[in-house]
Amino acid sequence: LPVRYIRDYIKRDYKLRDCCYICSSNKKLELHHLYSVSELFNRWLDENKIRSIDSEEQILTYRVQFAKDCAELLANEHLYTLCDIHHKRLHSIYGQTYSNSMAPKIKNWLKLQREKNGN
């Protein structure tokens, strides 16, 4: 539940590019976070010793500070616009969710796929 509120809040700063990073398609575009928002938020909760969220009001307050504290990892430079085909392919290889420690490997995979497509 809380992560939906987080994503809704941080989306306001995102810029969907007009084509897939890999193949330049402009059909069925989706955003891919290089770093898992869920994992970042759970780590942030631990670091701030927040054990439970009991109300919508709390999450609305926490998300502002979370977005500030994690701004660097949530920035547009770590956000990729992918067509649904390449987005699904990425997740079929690395899983629907993956550890943020995988981010450099995934960034490299994205770059290699782009080069294979001549972009």
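No experiment lies behind these values; they were computed from the predicted model shown.
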Applying salt bridge (Lys or Arg N to Asp or Glu O under 4.0 Å), run through E115 and K111 and close with a yes or a no. CA-CA 6 Å; E115 288 169 1; K111 182 176 170 256; 3.5 Å; yes
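- Under the 3.5 Å distance criterion, the side-chain polar atoms of R63 are matched with a main-chain donor or acceptor of Y5.
- Considering all non-hydrogen atoms of both residues, F66 and V37 come closest at CZ-O, 4.2 Å.
- The two residues D69 and W44 have their closest heavy-atom pair at OD2-NE1, 2.7 Å.
- The backbone N or O of K27 lies less than 3.5 Å from a partner atom in the side chain of S25, making a donor-acceptor pair.
- Annotation: side chain of I6 is in contact with side chain of I59 (closest heavy-atom distance under 4.5 Å).
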Using side chain to side chain contact (heavy atoms under 4.5 Å, CB included), reason through R89 and C83 one step at a time and then give a plain yes or no. CA-CA 10 Å; R89 187 172 300 153; C83 66; over 6 Å; no
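- The environment of CD in E72 is sparse: at most 12 heavy-atom neighbours from other residues, nucleotides or ligands sit within 6.0 Å.
- I53 is listed as a side-chain neighbour of L45, based on a closest heavy-atom distance under 4.5 Å.
- Here the side chain of N108 pairs no donor or acceptor atom with the backbone of P104 at under 3.5 angstrom.
- Taking SG from C70 and NE2 from H78, the interatomic distance works out to 11.5 Å, rounded to the nearest 0.5 Å.
- Although no hydrogens or angles enter the test, the distance criterion places no donor-acceptor pair under 3.5 Å between the side chain of N26 and the main chain of D18.
- Counting heavy atoms from C-beta on, the side chains of M102 and W109 never come closer than 4.5 Å.
- Atom NE2 of residue H86 and atom OG of residue S92 lie 10.5 Å apart, to the nearest 0.5 angstrom.
- Here the CG-OH distance, from L40 to Y35, works out to 9.0 Å after rounding to the nearest 0.5 Å.
- No chain of hydrophobic side-chain contacts below 4.5 Å, direct or via other Ile, Leu, Val, Met, Phe, Trp or Tyr residues, connects I93 to I85.
- Around CG of D46, the count of heavy atoms belonging to other residues, nucleotides or ligands within 6.0 Å exceeds 12.
- Within 6.0 Å of CD on E47 lie more than 12 heavy atoms contributed by other residues, nucleotides or ligands.
- Between Y21 and L110, the shortest heavy-atom contact is CE2-O, 3.6 Å.
- For L112, the CG atom is densely surrounded, since the number of other residues' heavy atoms within 6.0 Å is greater than 12.
- Residues H33 and Y98 approach most closely at O-OH, 3.4 Å, considering heavy atoms.
- Once rounded to the nearest 0.5 Å, the distance linking CZ of R4 with OG of S38 reads 12.5 Å.
- When all heavy atoms of L82 and H32 are compared, the pair lying nearest together is CD1-CB, 3.8 Å.
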Run the numbers on K88 and D84 for side chain to side chain contact (heavy atoms under 4.5 Å, CB included), then give the verdict. CA-CA 6 Å; K88 285 178 181 144; D84 66 333; 3.7 Å; yes
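- The CD atom of Q113 sits 9.0 Å away from atom CG of L90, with the distance rounded to the nearest 0.5 Å.
- R7 contributes atom CZ, which lies 10.5 Å from atom CG of L74 (distance to the nearest 0.5 angstrom).
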Would you check, one step at a time, whether the test side chain to side chain contact (heavy atoms under 4.5 Å, CB included) holds for C20 with L29? CA-CA 7 Å; C20 175; L29 299 176; 4.3 Å; yes
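- Scanning both residues, C23 and N117, for their nearest heavy atoms gives CB-OD1, 4.0 Å.
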